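Both backbone and side-chain heavy atoms feed into the values below; hydrogens, waters and symmetry mates do not. For reference, positions follow the sequence shown, starting with 1. Here the structure is a predicted model, which means the values were calculated and not measured.
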Amino acid sequence: MSGPAHHHLEAVPKATDLFWEKGFHATSMRNLQQATSLRPGSIYASFGSKEALFRLSLNHYSKRSREMLHREVAECHDPVEGLKQFIIHVLLCQSDAPNSMCMLVKTISELTEEHAELLAEAKRLLNGMEDEFATVIRLAQELGTIDSDRDAVRMAQRLQVQFMGLRAYIKAHGGGCQTIELVNDIFENL
């Protein structure tokens, strides 16, 4: 695939990293043009607006996270171990990431009702990630590695809270703050 359409597909991951680093408001059209190598009119022509490109970026970020989770779970005998490896991977890669905070959480923190649709989209995608956690926990219950009487949704919510908190903690204390030990603690008390 080549030509203009392919060029625009390549623009979304670059825009995602820029939006993730700077946030929606601080990212200017000029920043986007520089990051994506698109000409001034091309962003509007291809995506319609900064908001539309941001929505695509949120979805790209979410898809990338889900794919990483599925990969980790597929590679482990125990789905919960895969979930743990996913969280460790995300946390250890924070130093290379544009922003240590989850892009969806950052968006929910930043946007107001002025951008209600984008805010709703970020919330929907974050809830979707929580649903993915619950699915992995249910799979572990089917395999007998987690007690089937436990509430998978509640466990996924707790895990999401702890995961979000750990990302903030690592941002405050730097990457070398016993990341793996902290994740192990969370999973021992899951």
Side-chain angles (χ1 to χ4, degrees), residues 1 9-10 12-21 54-109 120-190:
M1 192 176 179
L9 281 179
E10 287 177 349
V12 174
K14 291 174 182 170
T16 300
D17 285 347
L18 184 65
F19 279 129
W20 184 14
E21 180 185 356
F54 186 71
R55 180 187 285 263
L56 284 172
S57 295
L58 287 174
N59 278 277
H60 175 75
Y61 174 88
S62 180
K63 181 172 182 272
R64 208 162 57 182
S65 298
R66 286 196 314 272
E67 285 171 353
M68 189 196 304
L69 174 61
H70 295 162
R71 239 185 352 262
E72 295 287 356
V73 170
E75 286 172 10
C76 289
H77 295 300
D78 177 1
V80 176
E81 183 61 30
L83 186 50
K84 182 164 123 179
Q85 291 309 316
F86 164 76
I87 288 176
I88 288 170
H89 183 90
V90 170
L91 294 172
L92 290 181
C93 289
Q94 282 198 175
S95 53
D96 305 322
N99 188 300
S100 58
M101 203 175 192
C102 168
M103 183 181 178
L104 304 176
V105 174
K106 181 175 181 168
T107 298
I108 291 164
S109 305
E121 184 74 352
K123 288 177 180 178
R124 185 184 72 78
L125 293 168
L126 192 64
N127 287 334
M129 203 64 204
E130 204 170 281
D131 292 342
E132 294 277 352
F133 288 178
T135 299
V136 173
I137 291 165
R138 281 191 206 96
L139 181 59
Q141 288 175 322
E142 285 168 23
L143 294 171
T145 56
I146 287 184
D147 185 352
S148 58
D149 291 341
R150 300 185 65 196
D151 184 341
V153 171
R154 185 68 184 271
M155 289 175 76
Q157 288 169 339
R158 267 214 340 263
L159 187 58
Q160 177 83 293
V161 167
Q162 291 170 311
F163 185 29
M164 287 161 69
L166 257 183
R167 291 181 89 157
Y169 183 85
I170 288 168
K171 186 173 186 177
H173 291 82
C177 63
Q178 311 100 27
T179 301
I180 293 170
E181 291 93 327
L182 290 168
V183 175
N184 284 335
D185 287 348
I186 286 170
F187 276 83
E188 270 173 35
N189 298 301
L190 195 65

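Listed by chain and residue number, Arg66 satisfy the side-chain hydrogen bond (donor to acceptor under 3.5 Å, both in side chains) test with Ser62 (two or more places apart in sequence, or in another chain). Judged as a salt bridge (charged side-chain N to carboxylate O under 4.0 Å, His left out), and not counting sequence neighbours, Lys123 has no contacts. Scanning for side-chain hydrogen bond (donor to acceptor under 3.5 Å, both in side chains) contacts around Glu142 gives an empty result, with sequence neighbours left out. In this view, Phe54 and Phe19, Phe24 satisfy the ring-ring contact (aromatic ring centres under 6.0 Å, His included) rule, not counting sequence neighbours. Under the side-chain hydrogen bond (donor to acceptor under 3.5 Å, both in side chains) criterion, Glu81 pairs with Gln85, sequence neighbours left out. Partners of Met164 by side chain to side chain contact (heavy atoms under 4.5 Å, CB included), not counting sequence neighbours, listed by chain and number: Val105, Gln160. Not counting sequence neighbours, the partners of Arg124 by the salt bridge (charged side-chain N to carboxylate O under 4.0 Å, His left out) test are Glu121. With sequence neighbours excluded, the residues satisfying side chain to side chain contact (heavy atoms under 4.5 Å, CB included) with Ala122 are Leu58, Thr107, Ile108. Remark: Lys106 engages no residue in a side-chain hydrogen bond (donor to acceptor under 3.5 Å, both in side chains) (not counting sequence neighbours).
Looking only at side-chain heavy atoms (C-beta outward), Ile186 and Phe163 stay at 4.5 Å or farther from each other. Side-chain contact check for Leu18 versus Lys14: every heavy-atom pair is 4.5 Å or farther apart.
Ala156 approaches Ala134 most closely through the heavy-atom pair CB-N, 3.5 Å. Across all non-hydrogen atoms, the minimal contact from Trp20 to Cys102 is NE1-C, 4.0 Å.
The stretch residues 125-134 participates, sequence neighbours left out, in these side chain to side chain donor-acceptor pair (under 3.5 Å) pairs: His70-Glu132. For residues 144-170, no pair satisfies salt bridge (Lys or Arg N to Asp or Glu O under 4.0 Å), with sequence neighbours left out.
A donor-acceptor contact shorter than 3.5 Å is absent between the side chain of His60 and the backbone of Leu56. Ser65 places a side-chain N or O within donor-acceptor distance of the main-chain N or O of Tyr61, the cut-off being under 3.5 Å.
Atoms OG and CG, from Ser109 and Leu104 in turn, are 10.5 Å apart once rounded to the nearest 0.5 Å. Distance check: Gln141 CD to Met155 CE gives 6.5 Å after rounding to the nearest 0.5 Å. The OG1 atom of Thr179 sits 3.5 Å away from the CD1 atom of Ile170 when rounded to the nearest 0.5 Å. Here Leu182 contributes atom CG and Leu166 contributes atom CG; the two are 5.5 Å apart, rounded to the nearest 0.5 Å. Atom NZ of Lys84 is separated from atom CD1 of Ile180 by 9.5 Å, given to the nearest 0.5 angstrom. Summarising the geometry, atom CG belonging to Leu143 is positioned 5.0 Å from atom CG belonging to Leu139; distances are rounded to the nearest 0.5 Å.
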Enumerate, atom names and distances included, each donor-acceptor pair closer than 3.5 Å involving a side-chain atom of residues 72-79, sequence neighbours excluded.
residue : atom : partner : partner atom : Å
Asp78   : OD1  : Val80   : N            : 3.0
Asp78   : OD1  : Thr145  : OG1          : 3.2

Could you check Met129 against Leu125 for side chain to side chain contact (heavy atoms under 4.5 Å, CB included), going step by step and ending with a plain yes or no? CA-CA 6 Å; Met129 203 64 204; Leu125 293 168; over 6 Å; no

When you look at Gln162 and Ile87, which way does the side chain to side chain contact (heavy atoms under 4.5 Å, CB included) test go after all the steps? CA-CA 10 Å; Gln162 291 170 311; Ile87 288 176; over 6 Å; no

